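The block underneath contains the structure these notes are about, expressed in structure tokens.
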There are 2 protein chains.
Amino acid sequence: MQMDERKQKILRAIVQDYIATAEPVGSRTIARKFNLGVSPATIRNEMADLEELGFIEQPHTSAGRIPSDAGYRYYVDCLMDTPKLSTEDKNLIEIETAKRISEIEEVISHTAKLLSQLTSLTSIVMGPQKGRSPFGQMYFLPYQPGQAIMVVVKENGAVENHIVDIGNHVTAEELQQVATVFNNKLKGYSLAQVKKTLLHEIYSELTKQRHLLDNALSMLGAVLDDDRNEEKVYLGGTLNMLNQPEFRDFDKVKNLFRAFEEDGRLKKLLYPTQEGVSVTIGGENKLEEFQDCSVISATYRLNGEVIGSIGVLGPTRMDYAKSMGIVDFMTRSLTDLLTKGRKRT
Amino acid sequence: MQMDERKQKILRAIVQDYIATAEPVGSRTIARKFNLGVSPATIRNEMADLEELGFIEQPHTSAGRIPSDAGYRYYVDCLMDTPKLSTEDKNLIEIETAKRISEIEEVISHTAKLLSQLTSLTSIVMGPQKGRSPFGQMYFLPYQPGQAIMVVVKENGAVENHIVDIGNHVTAEELQQVATVFNNKLKGYSLAQVKKTLLHEIYSELTKQRHLLDNALSMLGAVLDDDRNEEKVYLGGTLNMLNQPEFRDFDKVKNLFRAFEEDGRLKKLLYPTQEGVSVTIGGENKLEEFQDCSVISATYRLNGEVIGSIGVLGPTRMDYAKSMGIVDFMTRSLTDLLTKGRKRT
DNA sequence: GTTAGCACTCTCGTTTGATGAGTGCTAACA
DNA sequence: TGTTAGCACTCATCAAACGAGAGTGCTAAC
């Protein structure tokens with residue numbers, strides 16, 4: 001059996017109506033709402049075919065049909081109007097991104113909020129992976145007696161500070177020596193690389209200043225073991241899930257929210273599979289607790305390099321066209337924003 | 001009518017049984033479970049009195065009784081066994097706080113997690129109010145051309161960095177001048193005070209270096225307007241609320257979780273009303289969305305000064321004795337931990 | 001190939017009735 | 001006078017029964 005044009009029209013009608021109403025859609029409804037010029041009976045015949053093809057299914061006899069995962073997939077790939085976002089949304093995004101927020105973290109979390117607002121779904125935004133950015137420069141500043149502020153500047157421009165114990169007998173000059181060693185050895189290496197390969201070089205270099213060694217190593221450890229080197233995940237609009245009729249079930253909600261609390265899971269959802277906007281529908285998802293969710297995601301860039309991704313999570317019954325349009329546009333404007341922000345340098 | 005000893009015993013029995021089972025408790029149940037040496041009929045008579053006194057109420061005729069807010073209050077104030085925590089819990093807290101975590105933010109968020117684990121309730125922890133801590137010292141470090149890293153050290157030891165635009169023609173010496181002005185003028189003043197009173201002084205001081213003025217002011221603005229100067233609120237175990245039978249209602253959950261997203265509301269809940277552990281029961285709470293919740297909170301200190309508070313939120317039917325014990329012990333160990341941590345200076 | 005008609009299925013909301021827990025009242029009892 | 005047993009009454013809860021409505025699949029006619 002083949003998909004002909006009428007079958008496509010009917011499938012599109014089913015998907016669109018189900019997305020809008022969340023109710024199984026029957027042959028009569030289609031005949032009434034969508035002008036296909038055929039009677040309900042004909043539609044019923046076609047629907048039986050579509051069911052055989054695996055694109056739609058019946059929750060129970062005598063209910064209408066709902067799209068299967070395969071049905072949504074076919075819809076997204078072949079039937080959907082090209083994703084386009086309303087000028088309203090476009091304007092809103094432009095107004096919001098025009099508010100120049102300097103700190104990168106705020107840009108990201110702001111993005112998450114905006115994304116969930118626009119889509120009425122839950123947004124997931126993955127921030128830049130700090131640990132991956134190469135080491136740039138290190139400074140020491142006076143703090144309390146016996147402690148110093150270590151300021152580390154990464155090559156991507158991120159700045160972090162840590163308070164380190166240095167012992168009371170360490171002078172400013174000695175600190176400066178340590179900083180110099182670090183700056184020479186580490187410049188341009190990612191912290192992950194440092195951990196693996198360069199640690200012993202530094203170790204041997206610093207044996208010359210024996211009394212600083214232990215402290216220097218522990219300082220480094222403080223940076224390397226910092227969990228926050230992991231890319232951070234921002235969520236927005238988690239409550240929107242409660243508005244979806246498919247999540248009127250307490251156990252589902254509990255599992256979902258539990259999953260929301262584990263960054264690791266969320267990261268897997270967003271892992272970029274391709275260029276541009278990617279769509280993962282229902283069971284295509286590897287993670288059990290998101291089997292009846294769909295994810296639309298895309299990556300954003302800084303200076304041409306992919307540094308993170310954004311996405312929305314919703315029930316499989318979501319407005320794919322609208323969401324894809326918004327996610328697409330948001331990554332573009334986020335990339336622009338970051339690039340422009342950097343350009344100021 | 002007066003409370004006599006038997007009435008007290010019965011009220012205590014009702015509260016305890018209801019806390020344990022979440023079911024309205026009847027006269028027969030009390031006679032069976034608690035050995036009061038009287039028949040159900042007698043208990044019924046007493047219960048009628050207790051109802052008249054406003055300590056218990058009936059959800060409907062022919063159901064058992066449940067404690068009213070006033071009943072819980074009487075229980076907490078007069079009937080409850082003194083809050084005592086199990087040695088298990090005590091050990092767990094001690095093991096957990098022994099893991100020396102250096103960053104204050106992590107200590108706080110770790111506290112929130114632990115608190116919710118121990119109580120099976122939702123924990124709310126209010127971090128120190130950064131903005132309140134007086135300004136201490138300021139440094140500038142080189143960054144990109146035209147930008148510098150401004151490192152601000154507060155008197156409480158907090159370190160923050162901000163990237164500021166300085167214009168291409170500003171030299172390191174000029175930056176140093178600005179830092180000196182700021183350090184002299186602001187040392188020891190809270191940022192809030194600075195905003196109100198000292199801004200124009202700095203302004204007039206800096207007119208001498210006209211070309212730095214605008215940038216200097218915007219730098220200051222960046223620090224002063226920083227939202228993160230607000231005390232941050234950490235939540236733990238929000239999902240625990242879903243396990244409470246009183247929150248098996250979707251609208252309630254939605255309202256509750258919506259409230260969780262607004263830091264302002266949560267802060268009001270924790271606002272310290274007295275020394276030591278304070279208990280707010282149901283309707284005693286001013287905030288509408290928490291009318292059927294109780295809050296147990298206490299403040300923690302750094303060097304004798306109250307800098308934040310922790311608390312747990314649960315249904316009015318919660319184990320007050322246990323929760324109060326845990327909250328009390330946690331504030332103490334948190335205060336110890338912070339004080340010890342600081343002592344290292 | 002399309003459509004009308006019809007019997008059939010299944011969900012959903014309502015009704016009904018039985019069950020059981022719990023009360024309040026009264027009268028008997030110590 | 002306080003306590004208890006007995007009893008009628010109330011009300012939520014659960015399950016079964018039922019009707020209405022929506023939708024299908026099949027058949028026969030167009």
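Sequence lines set the chain letters: A, B, ... in the order given, protein chains first and strands last, and positions in each chain run from 1. Every heavy atom of this structure was used, including side-chain atoms; hydrogens, water molecules and symmetry mates were not. Remember, it's a predicted structure, so these values are computed and weren't measured experimentally.
One interatomic measurement links the two molecules: CZ of A:Arg44 to P of C:dC6, which rounds to 13 Å at whole-angstrom precision. Rounded to an integer number of Å, the gap from B:Asn45 CG to D:dG6 C1' is 14 Å. Going from atom CG of B:Leu36 over to atom C1' of D:dT4 covers 15 Å, rounded to whole Å. Between A:Asp49 atom CG and D:dG25 atom P there is a gap of 10 Å when expressed in whole angstrom units. Taking atom NZ of residue A:Lys7 and atom C1' of nucleotide C:dT2, one finds them 14 Å apart after rounding to whole Å. For the pair B:Glu46 CD and D:dT3 C1', the interatomic distance rounds to 11 Å; values are reported in whole Å. A:Gln58 places its CD atom 5 Å from the P atom of D:dG25, with the value rounded to the nearest Å. As rounded to whole Å, 9 Å separates atom P of C:dT3 from atom CD1 of A:Ile43.
Base pairing annotation: D:dT27 forms a Watson-Crick or G-U wobble pair with C:dA4, both donor-acceptor distances under 3.5 Å.
A cation-pi arrangement is absent between A:Arg12 and A:Tyr75 under the rule of less than 6.0 angstrom and at most 45 degrees off the ring axis.
Annotation: the span from B:Ser123 atom OG to B:Ile296 atom CD1 amounts to 12.5 Å, rounded to 0.5 Å. In this structure, the separation between CE on B:Met3 and OH on B:Tyr74 is 4.0 Å, given to the nearest 0.5 Å.
Dashed line: the shortest gap from a side-chain N or O of A:Ser62 to OP1 or OP2 of C:dT11 is not under 4.0 Å. Proximity of B:Arg65 to the phosphate of C:dG24: a side-chain N or O atom is located under 4.0 Å from OP1 or OP2. Contact annotation: B:Thr42 side-chain N/O to D:dT4 OP1/OP2 distance is under 4.0 Å. Between D:dC11 and B:Thr61, a contact under 4.0 Å exists linking OP1 or OP2 to a side-chain N or O.
The local environment of CZ in A:Arg73 is crowded, with over 12 non-hydrogen atoms from other residues, nucleotides or ligands closer than 6.0 Å.
A:Ser323 approaches A:Val312 most closely through the heavy-atom pair CB-CG2, 4.2 Å.
Comparing C:dT23, C:dT3, D:dT24 by their closest approach to the side chain of A:Val38 singles out C:dT3.
Heavy atoms of B:Ala41 sit under 4.0 angstrom from at least one base atom.
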